[in-house]
Asks: 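Right, I'll just put the structure down here and ask away after.
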Amino acid sequence: ETGVTQTPRHLVMGMTNKKSLKCEQHLGHNAMYWYKQSAKKPLELMFVYSLEERVENNSVPSRFSPECPNSSHLFLHLHTLQPEDSALYLCASSQELLADGDYGYTFGSGTRLTVV
Amino acid sequence: AQSVSQHNHHVILSEAASLELGCNYSYGGTVNLFWYVQYPGQHLQLLLKYFSGDPLVKGIKGFEAEFIKSKFSFNLRKPSVQWSDTAEYFCAVKAGGYNKLIFGAGTRLAVHP
């Protein structure tokens, strides 16, 4: 385990369903991220939360709705998805405010989402 | 907008061969650069990083990368690969505030015994 836990590991959902992805970190980090990983494409940054406040939303469709209730938890709520949304969704966390500039991410193992 | 380009999508090598994976970025300011690795079925993990100082950076498992500012490049190298190096490798650049990392598309490396 990396210290960043994502559940579920696999999810199959219909286009009319509503589901949520969960991410949890107990590393004391103050920033959390959602990325989408599709085959043969760069990891796409979706959302950035810093100190529980959303600071970045990279033109993500409204059918994806993030929530960060506290610094340890991050959710991605899904509704009326499309088949092209099938991908691996990765959560990451980092400690932004370190004086030594160590900006490395800790990634979770991801949720493999299939939209049918 | 910042971007990262990885030239090779797939690389196939025999054990003991030398490896060089290309990475170019587009960003005019001060950069922080990273290489991440994803072994089959595992999470992304940090291989090495560059912030400042010596442009030749050494990472885990015998990997190194060289930052060449004039070429906007940060290529990953290993003198002699092993079968266990089979993985996907991602180059990334820290862009702007809030520690936002921009990733390349990845290079899938297969090492044959």
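In the text below, chain A, chain B and the rest are named by the order of the sequence lines, each starting its count at 1. On a predicted model such as this, the values are computed, not experimentally measured, just so you know.
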Asks: Taking all non-hydrogen atoms of both residues, which atom of A:Asp85 and which atom of A:Lys36 are closest, and how far apart?
Replies: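 That would be CA-NZ, 4.1 Å.
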Asks: Non-hydrogen atoms of chain B under 4.5 Å away: do they reach the side chain of A:Leu43, the backbone, both or neither?
Replies: both
Asks: Quick one: side chain to side chain donor-acceptor pair (under 3.5 Å) partners of A:Ser38, sequence neighbours excluded?
Replies: none
Asks: I'd like to know if the side chain of B:Asn24 and the backbone of B:Ser5 have a donor-acceptor N/O pair within less than 3.5 Å.
Replies: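 Not a single qualifying donor-acceptor pair exists.
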Asks: Check whether the side chains of B:Ser3 and B:Ser26 place a donor and an acceptor atom closer than 3.5 Å, and report yes or no.
Replies: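 Short answer, yes.
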Asks: Counting only non-hydrogen atoms closer than 4.5 Å, can you tell me which residues of residues 102-113 of chain B sit against chain A?
Replies: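 Against chain A, the residues of residues 102-113 of chain B that fall inside the cut-off (heavy atoms, under 4.5 Å) are B:Phe103, B:Gly104, B:Ala105.
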Asks: Side-chain atoms of residues 58-66 of chain B: list all donor-acceptor pairs with protein atoms under 3.5 Å, sequence neighbours left out, distances to 0.1 Å.
Replies:
from	atom 1	to	atom 2	distance (Å)
B:Lys58	NZ	B:Glu64	OE1	2.9
B:Lys61	NZ	B:Tyr39	OH	3.1
B:Glu64	OE2	B:Arg77	NH2	3.4
B:Glu66	OE1	B:Arg77	NH1	3.2
B:Glu66	OE1	B:Arg77	NH2	3.4

Asks: If the condition is side chain to side chain donor-acceptor pair (under 3.5 Å), which residues does A:Gln37 pass it with, not counting sequence neighbours?
Replies: B:Gln38
